Amino acid sequence: MRTKKRVLRPLDPDPIFRDLTVAKFINYLMRDGKKAVAQKVLIKTFNIIKEKTNNNPVVILKKAIDNASPYVEVISRRIGGATYQVPKEVRSERRSFLAMRWLIESARETKGKPMHLKLAEELIASANNDGKAIKKKIEIQKIAEANKAFAHLAW
């Protein structure tokens with residue numbers, strides 16, 4: 001064995017919402033180790049979602065993550081001087097990671113509003129199968145579908 005096995009530390013659920021998905025989302029939202037700032041942004045986001053939709057914001061978050069989760073992705077594989085885009089099925093942990101990352105990135109790309117407003121809009125849009133993160137998922141799935149002929153090159 002070349003390297004040590006990675007030890008996965010158990011993640012504690014979020015103290016406010018008592019949910020592991022929310023705790024992971026806060027960790028992905030966090031920048032420069034400022035977890036309290038990320039928690040405040042998410043609490044404000046959840047308040048806005050509650051006002052706009054009259055639903056439980058944790059349910060909206062989970063639905064948005066489910067809708068933005070890709071089932072296939074493409075990886076570049078170099079074979080004999082040519083580079084192929086090989087479609088590959090996505091593991092469940094990576095699927096949720098990609099969805100959360102795309103949701104946060106698409107909220108950060110929008111300019112001119114505070115983060116909690118942008119994130120609330122993106123989560124509501126993704127829960128309704130709309131928004132930038134959903135477009136990214138569809139785009140990746142189209143690329144994978146177009147390169148289905150190279151699926152035998154996956155390892």
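Since the structure is predicted, the reported quantities are computational estimates derived from the model, not experimental observations.
A donor-acceptor contact closer than 3.5 angstrom links the side chains of Lys132 and Thr110. Donor-acceptor pairing under 3.5 Å is recorded for the side chains of Asn27 and Lys35.
At least one side-chain heavy atom of Pro13 sits under 4.5 Å from a side-chain heavy atom of Leu20. Residues Ile49 and Asn55 are not in side-chain contact: their nearest non-hydrogen atoms beyond the backbone lie 4.5 Å or more apart. Contact check for His116 versus Asn47: no side-chain heavy atoms found under the 4.5 Å cut-off. Here the side chains of Trp102 and Ser126 are not in contact, with every heavy-atom distance at 4.5 Å or above. Side-chain contact between Ile16 and Gln39 is absent, with no heavy-atom pair separated by less than 4.5 Å.
Counting all heavy atoms, side chain and backbone alike, Glu93 lies closest to Ser96 at O-OG, 3.0 Å. Nearest approach of Ala149 to His152, heavy atoms of both residues: O-ND1, 3.1 Å. In terms of heavy-atom proximity, Ser69 sits nearest to Arg95 at CB-CG, 3.2 Å. Scanning both residues, Ala144 and Val72, for their nearest heavy atoms gives CB-CG2, 3.6 Å.
The local environment of NZ in Lys88 is sparse, with at most 12 non-hydrogen atoms from other residues, nucleotides or ligands closer than 6.0 Å. The number of heavy-atom neighbours closer than 6.0 Å to CD of Glu89, taken from other residues, nucleotides and ligands shown, is 12 or below.
Not a single donor-acceptor pair under 3.5 Å links the side chain of Thr53 to the backbone N or O of Lys50. Counting only distance, with no hydrogens or angles, the side chain of Glu73 and the backbone of Val90 share no donor-acceptor pair below 3.5 Å. Listed for the Asn147 side chain is no donor-acceptor partner under 3.5 Å among the backbone atoms of Val86.
Checking each of Val41, Leu42, Val37 against Met115 for a side chain to side chain contact (heavy atoms under 4.5 Å, CB included) leaves exactly one that passes, namely Val41.
Separating the CG atom in Leu117 from the CD1 atom in Ile48 is a distance of 4.0 Å, to the nearest 0.5 Å. Here Asn129 contributes atom CG and Asn67 contributes atom CG; the two are 4.0 Å apart, rounded to the nearest 0.5 Å. With rounding to the nearest 0.5 angstrom, the CD1 atom of Ile104 is 5.0 Å from the CG atom of Leu29.
Residue Ile26 is grouped with residue Leu61 when hydrophobic side chains (ILVMFWY) are merged at heavy-atom distances under 4.5 angstrom, including chains of intermediate members. Linking ILVMFWY residues whenever their side-chain heavy atoms come closer than 4.5 Å, directly or via other members, leaves Phe17 and Leu11 in distinct clusters. Ile60 and Val58 fall within the same hydrophobic cluster, where Ile, Leu, Val, Met, Phe, Trp and Tyr residues are linked whenever their side-chain heavy atoms come under 4.5 Å apart, directly or through other members. In the hydrophobic clustering of ILVMFWY residues, with side-chain heavy atoms under 4.5 Å counting as a link, Ile65 and Leu98 come out together.
Residues Glu145 and Lys148 are paired through a salt bridge, judged by an N-O separation under 4.0 Å between the basic side chain and the carboxylate.
Between Tyr28 and Phe97, the ring planes are perpendicular. Angles over 60° get that label, and only those under 30° would be called parallel.
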Test log, rule salt bridge (charged side-chain N to carboxylate O under 4.0 Å, His left out), inputs Glu139 and Lys136: CA-CA 5 Å; Glu139 180 184 314; Lys136 178 135 181 145; 6.0 Å; no
